[in-house]
Amino acid sequence: MRTLRTALLTAAAAGLAVTALAQVPAAAAPAPAPAPPKFLSAGQLPASLTPWTAGPVRQGVPAEGSVCTAGIAPAAGTRHRDFRTELDTGARQTITVAATTARAKALAAELRSALETCLDRLKEQDPGLEGEAFYQGRVDVEEGAHVYSIDTSYPEVGSTDIGLYSVGRDGRAVTVVEWGQLGELDGAPLEGFKKTTRTAVAKLY
């Protein structure tokens, strides 16, 4: 009888162990990494006399160009894409994903400040440069975007260039869109650029 009782107790203990193990929740699978923000396509750039061609998305900050905002966005978490046409028109989009929303907000503010002071800094570097810079308003999309224009010229050689710029943010993602060509502000597709800016920010996530 004692042997039978022992066997029954052993079986009961084993049953309790199995039940306890069954009740332990399985370890949760790691959450998939969030998808990176999306870039503009060539067809989403302002209308041009010749079609836009989109380059590949590249890691890090651009090696050259972006004179107004160079050195501000960190290389880590930044990607960029260049666009061109067959004429003297080019564009670029840069996206930075900050570690926190607060850092993204600060980065967007620093980029805006750089655009607001860009022409003055360019004139200091090149006294022969002339130009005008304007704030072209806010685009209401996600956390907001802001548009600027910088019109520059070299009277001695008769060349003029117009650049359109925008800074927008969606959560931790900050994007800068740049557009430039030979000519003056009157010939720039300002409304088309604002539409492109809206698309760029809305497309991030």
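The chain is numbered in sequence order, starting from 1.
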For Glu132, does the CD atom sit with more than 12 other heavy atoms under 6.0 Å from it, leaving out its own atoms?
no
Donor-acceptor check, side chain of [X] to backbone of [Y], threshold 3.5 angstrom: yes or no?
{"X": "Lys123", "Y": "Glu130", "answer": "no"}
{"X": "Arg169", "Y": "Glu143", "answer": "no"}
{"X": "Arg172", "Y": "Ala104", "answer": "no"}
{"X": "Asp170", "Y": "Glu142", "answer": "no"}
{"X": "Thr89", "Y": "Thr85", "answer": "no"}
{"X": "Arg79", "Y": "Pro36", "answer": "no"}
{"X": "Thr100", "Y": "Arg103", "answer": "yes"}
{"X": "Trp52", "Y": "Pro46", "answer": "yes"}

Any side-chain heavy atom of [X] within less than 4.5 Å of one from [Y]?
{"X": "Pro37", "Y": "Thr175", "value": "no"}
{"X": "Ile162", "Y": "Glu184", "value": "no"}
{"X": "Lys194", "Y": "Arg198", "value": "no"}
{"X": "Leu204", "Y": "Ile95", "value": "yes"}
{"X": "His146", "Y": "Tyr135", "value": "yes"}
{"X": "Arg81", "Y": "Pro56", "value": "no"}

Would you say the side-chain atoms of [X] and [Y] include a donor-acceptor pair closer than 3.5 Å?
{"X": "Thr50", "Y": "Glu86", "result": "no"}
{"X": "Gln44", "Y": "Ser41", "result": "yes"}
{"X": "Ser153", "Y": "Thr160", "result": "no"}

Connected via hydrophobic side-chain network under 4.5 Å: [X] and [Y]:
{"X": "Leu119", "Y": "Leu190", "answer": "no"}
{"X": "Leu111", "Y": "Leu164", "answer": "no"}
{"X": "Val97", "Y": "Val57", "answer": "yes"}
{"X": "Leu122", "Y": "Phe134", "answer": "no"}
{"X": "Leu45", "Y": "Val201", "answer": "yes"}

From [X] atom [atom1] to [Y] atom [atom2], the distance as rounded to the nearest 0.5 Å:
{"X": "Ile150", "Y": "Cys118", "atom1": "CD1", "atom2": "SG", "value": "4.0 Å"}
{"X": "Lys105", "Y": "Glu110", "atom1": "NZ", "atom2": "CD", "value": "15.0 Å"}
{"X": "Gln136", "Y": "Ser166", "atom1": "CD", "atom2": "OG", "value": "11.5 Å"}
{"X": "Gln125", "Y": "Asp120", "atom1": "CD", "atom2": "CG", "value": "11.5 Å"}
{"X": "Leu129", "Y": "Arg121", "atom1": "CG", "atom2": "CZ", "value": "12.5 Å"}
{"X": "Thr53", "Y": "Asp82", "atom1": "OG1", "atom2": "CG", "value": "12.0 Å"}

Please report the shortest heavy-atom distance between [X] and [Y], naming the atom on each side.
{"X": "Ala42", "Y": "Phe83", "result": "N-CE2, 4.0 Å"}
{"X": "Ala114", "Y": "Cys68", "result": "CB-O, 3.4 Å"}
{"X": "Ala73", "Y": "Thr96", "result": "CB-OG1, 3.6 Å"}
{"X": "Phe193", "Y": "Val177", "result": "CZ-O, 3.5 Å"}
{"X": "Gln93", "Y": "Lys38", "result": "NE2-O, 4.4 Å"}
{"X": "Gly128", "Y": "Tyr154", "result": "O-CD2, 4.1 Å"}

Salt bridge between Lys195 and Glu191, side-chain N to carboxylate O under 4.0 Å?
no
Please evaluate residues Arg138 and Asp140 with respect to the criterion salt bridge (charged side-chain N to carboxylate O under 4.0 Å, His left out), reporting the C-alpha separation (whole Å), side-chain torsions for both, the decisive distance (0.1 Å), and the verdict.
CA-CA 6 Å; Arg138 174 187 169 95; Asp140 291 324; 2.8 Å; yes
Carefully, step by step, assess Thr94 and Val61 under the rule side chain to side chain contact (heavy atoms under 4.5 Å, CB included).
CA-CA 8 Å; Thr94 304; Val61 295; 5.6 Å; no
Checking ring-ring contact (aromatic ring centres under 6.0 Å, His included) for the pair Tyr148/Tyr165: CA distance, chi angles, key distance, verdict?
CA-CA 5 Å; Tyr148 303 83; Tyr165 307 86; 8.2 Å; no
Reference residue Leu107; test side-chain contact (heavy atoms from CB on, under 4.5 Å); the match among Ile72, Val176, Val167
Ile72
